Amino acid sequence: MLQTIALGDAQFHSLIRAIAALRQTTMSDRCQTRAIHSTETGVQTRSSVASSTQTELQDHVTTQFLQDPHNMLHLPGLNDFLRQIEAPVIRELVRNAKSHAFDGFQVNWEEHNQMVVCLHQLQHPRALEQDLHVTSVSWSCTGAVIACAYGRMAEGDWSNDKSYICTWNIDHGGLNPKQADLVIDVPTPVTALCCHPKHPALMTGGLYSGEVIIWDTSQSTDPVVAQTGMSADSHREPVCQVTWVPLQNKGDFGVLSACSGGRILLWTVSAEQGKCVLKVAFALVQQQVLSKSTSFKGQGTSPVGVTSLDLSPWDPDTFLVGSEGGLLLRCSLSSQTPAAVPSECLSVPLRAPAVFSFRPGSGPVHSIHCSPFHRNLFLSAGTDGLAHLHSLLQTNPLRSIRVSDTYVFKVQWSPTRPLLFAAATGQGEVQIFDLSRRSLRPAATIDPGGVGHAATCLAFNCQNPGLLAVGKTDGTVGVWKLSTDLTEQIPTESHLLEQIANQVAE
């Protein structure tokens, strides 16, 4: 039978609502924000300079003086003060005027340098490959450019080797010691070189073939301005020396060249024709030289081979000549004495220039240099290894100083020190002597290194006296910075030079 039974309420919970409630709770407890991006920037202000001035208030006395300076003499106490100090001030001024404490002193504001250092070691790769020697070095008139000539020393046979002239600007910031700023190809070895004393781009050189050439370094395509060529007027032997000579027309210069054949030729430059024109020709002949020297043995009309030459900076008519046989002659550019040899095919007659002969040496005279500080003094050096100090007024040398046991190829006075000179030796060293010292030993020795390579030439920089260029047979040119004591003139140095010049030779 069926019965009705009452039971309690039954409840059913919704799963969907529970899940929705759970999601709502979770969403309310968790959140996520975008990534925070940050950027840093900075600013900088320009540098500022603050300056200020301050003037003092003008007092009554200053204002009165500015309005009428003559009233200043009436200031109280001024006249008494001037009368009081007048006597001691005049006494000190007279004393200073009679003092010789600062004679010869020159102010030098440059930093003192106590070392002799090598600044540059210049070289031309092609010259090194051909084993060429540096035969001559010369500074431009500005002192910024060093020019060097390549050839061979004591070449016995006729040489057709190609050679070079190279220049470096030592003031240029990008100096490359192994790459010259300018390279001039020359068909034969260059035996002499000289830069123009006024024009920095001009230089002249003598060749082994006897030619004389003038170059203009500002013309890169064709630097040859003029040349003698192989004419009847030109030298027939290697040129040993070239130098610029001031002509009668102010500002004009000629070229004086000498060769081992005994001829000395003066050339004028014709830039329009592109050649050098012979103006004056000299010939040194033994017969005429003998009349000037009683101790030189020689006879006949044989030429006297010239090995060195230098112009006097004091007398434009005087030049000195050294010979292969050791002769040392004083010559005149204005000499009108005919030479004792025929002029052959020359366009001008040959003259005999010698006017005085000094005591001959024992071998060839390689170098002569006149003093820039005294008109009568000059140096000579050669194969005897000695440096001879001469006076133009005396036959015998005033002093003879042992420089080297081998040859001396070059000797030159300092442009700033009256008693200092340098000599390049066959041992490769450069000896610097100071005649103000009692000792005859060198004041300094420059040894560029390289055993067996002679120092063939050297040149002081007249615009920058602290620089000395030295050329060697290994094909290198060293530019040396001299110490301060080798460049600064010492007090009374000029007076000591005058005393030496007034000495009587033994």
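Atom set for the values below is all heavy atoms of this structure, side chains included, hydrogens, waters and symmetry mates excluded. Residue numbers run from 1 in the order of the sequence given. This one's a predicted model, so the numbers in the text were calculated from it and none came from an experiment.
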Can you name the closest pair of heavy atoms from [X] and [Y] and give their distance?
{"X": "T204", "Y": "V242", "result": "O-CG2, 3.8 Å"}
{"X": "T476", "Y": "V134", "result": "O-CG2, 3.6 Å"}
{"X": "L193", "Y": "W215", "result": "CD1-CZ3, 4.3 Å"}
{"X": "H124", "Y": "C166", "result": "CG-SG, 3.7 Å"}
{"X": "S414", "Y": "P372", "result": "O-CG, 3.9 Å"}
{"X": "Q427", "Y": "S404", "result": "OE1-OG, 3.3 Å"}

Are there over 12 heavy-atom neighbours, none belonging to [X], within less than 6.0 Å of that residue's [atom1]?
{"X": "Q219", "atom1": "CD", "value": "yes"}
{"X": "Q248", "atom1": "CD", "value": "no"}
{"X": "R441", "atom1": "CZ", "value": "no"}

Short side-chain to backbone donor-acceptor contact, [X] and [Y], under 3.5 Å:
{"X": "S138", "Y": "C195", "result": "yes"}
{"X": "W413", "Y": "L419", "result": "no"}
{"X": "D216", "Y": "V225", "result": "no"}
{"X": "H133", "Y": "T135", "result": "no"}
{"X": "S140", "Y": "V145", "result": "yes"}
{"X": "S163", "Y": "V186", "result": "no"}
{"X": "T473", "Y": "A454", "result": "yes"}
{"X": "S367", "Y": "V411", "result": "yes"}
{"X": "W314", "Y": "H374", "result": "yes"}
{"X": "T307", "Y": "G322", "result": "yes"}

(message) Tell me whether the rings of Y407 and F409 are parallel (<30°), tilted (30 to 60°) or perpendicular (>60°).
(response) perpendicular
(request) On the 0 to 90° scale, with breaks at 30° and 60°, tag the F378-H390 ring pair as parallel, tilted or perpendicular. (result)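 If you compare the ring of F378 with that of H390, the planes turn out parallel.
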Flag side-chain contact, heavy atom, 4.5 Å: [X] against [Y]:
{"X": "V255", "Y": "V245", "value": "no"}
{"X": "I214", "Y": "C276", "value": "yes"}
{"X": "L311", "Y": "L256", "value": "yes"}
{"X": "P418", "Y": "E493", "value": "yes"}
{"X": "T142", "Y": "D171", "value": "no"}
{"X": "V280", "Y": "W267", "value": "no"}

(request) Determine, stepwise, if the pair S334 / D317 fulfils side chain to side chain donor-acceptor pair (under 3.5 Å). (result) CA-CA 6 Å; S334 61; D317 184 62; 2.9 Å; yes
Can you tell me how far apart [atom1] ([X]) and [atom2] ([Y]) are? Round to the nearest 0.5 Å.
{"X": "L119", "Y": "W480", "atom1": "CG", "atom2": "CH2", "answer": "9.5 Å"}
{"X": "I368", "Y": "K410", "atom1": "CD1", "atom2": "NZ", "answer": "10.0 Å"}
{"X": "N169", "Y": "T217", "atom1": "CG", "atom2": "OG1", "answer": "10.0 Å"}
{"X": "C462", "Y": "L467", "atom1": "SG", "atom2": "CG", "answer": "11.5 Å"}
{"X": "T167", "Y": "L122", "atom1": "OG1", "atom2": "CG", "answer": "10.5 Å"}
{"X": "M203", "Y": "S136", "atom1": "CE", "atom2": "OG", "answer": "10.5 Å"}

For [X] and [Y], test the side chains for any donor-to-acceptor distance below 3.5 angstrom and give the result as yes or no.
{"X": "E429", "Y": "Q431", "answer": "yes"}
{"X": "H235", "Y": "S257", "answer": "yes"}
{"X": "S391", "Y": "N376", "answer": "no"}
{"X": "S380", "Y": "H388", "answer": "no"}
{"X": "D233", "Y": "S347", "answer": "yes"}
{"X": "Y150", "Y": "Q130", "answer": "no"}

(request) Determine, using ring centers only, whether F460 and F421 are less than 6.0 Å apart. (result)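 For F421 and F460, the ring centres are not under 6.0 Å apart.
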(message) If you take the centroid of each ring, where Trp contributes its six-membered ring, are H196 and F253 closer together than 6.0 Å?
(response)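 Yes, they do, as the ring centres are separated by less than 6.0 Å.
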(message) One thing to verify: whether D315 and R375 come together as a salt bridge, which I'm taking to mean a side-chain N less than 4.0 angstrom from a carboxylate O.
(response) no
(request) Might you work through the side-chain contact (heavy atoms from CB on, under 4.5 Å) test for L392 and L320, ending with a clear yes or no? (result) CA-CA 10 Å; L392 291 176; L320 302 173; 3.8 Å; yes
(request) Among T487, D434, D485, find the residue that satisfies the side-chain hydrogen bond (donor to acceptor under 3.5 Å, both in side chains) test when tested with R417. (result)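 Checked T487, D434, D485 against R417; only one passes side-chain hydrogen bond (donor to acceptor under 3.5 Å, both in side chains): D434.
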(request) Might you work through the side-chain contact (heavy atoms from CB on, under 4.5 Å) test for V430 and T445, ending with a clear yes or no? (result) CA-CA 6 Å; V430 174; T445 299; over 6 Å; no
(request) Would you check, one step at a time, whether the test side-chain contact (heavy atoms from CB on, under 4.5 Å) holds for D131 with D474? (result) CA-CA 7 Å; D131 196 25; D474 62 357; over 6 Å; no
(request) Tell me, with the steps shown, if L468 and N461 meet side-chain contact (heavy atoms from CB on, under 4.5 Å). (result) CA-CA 6 Å; L468 176 68; N461 189 328; over 6 Å; no
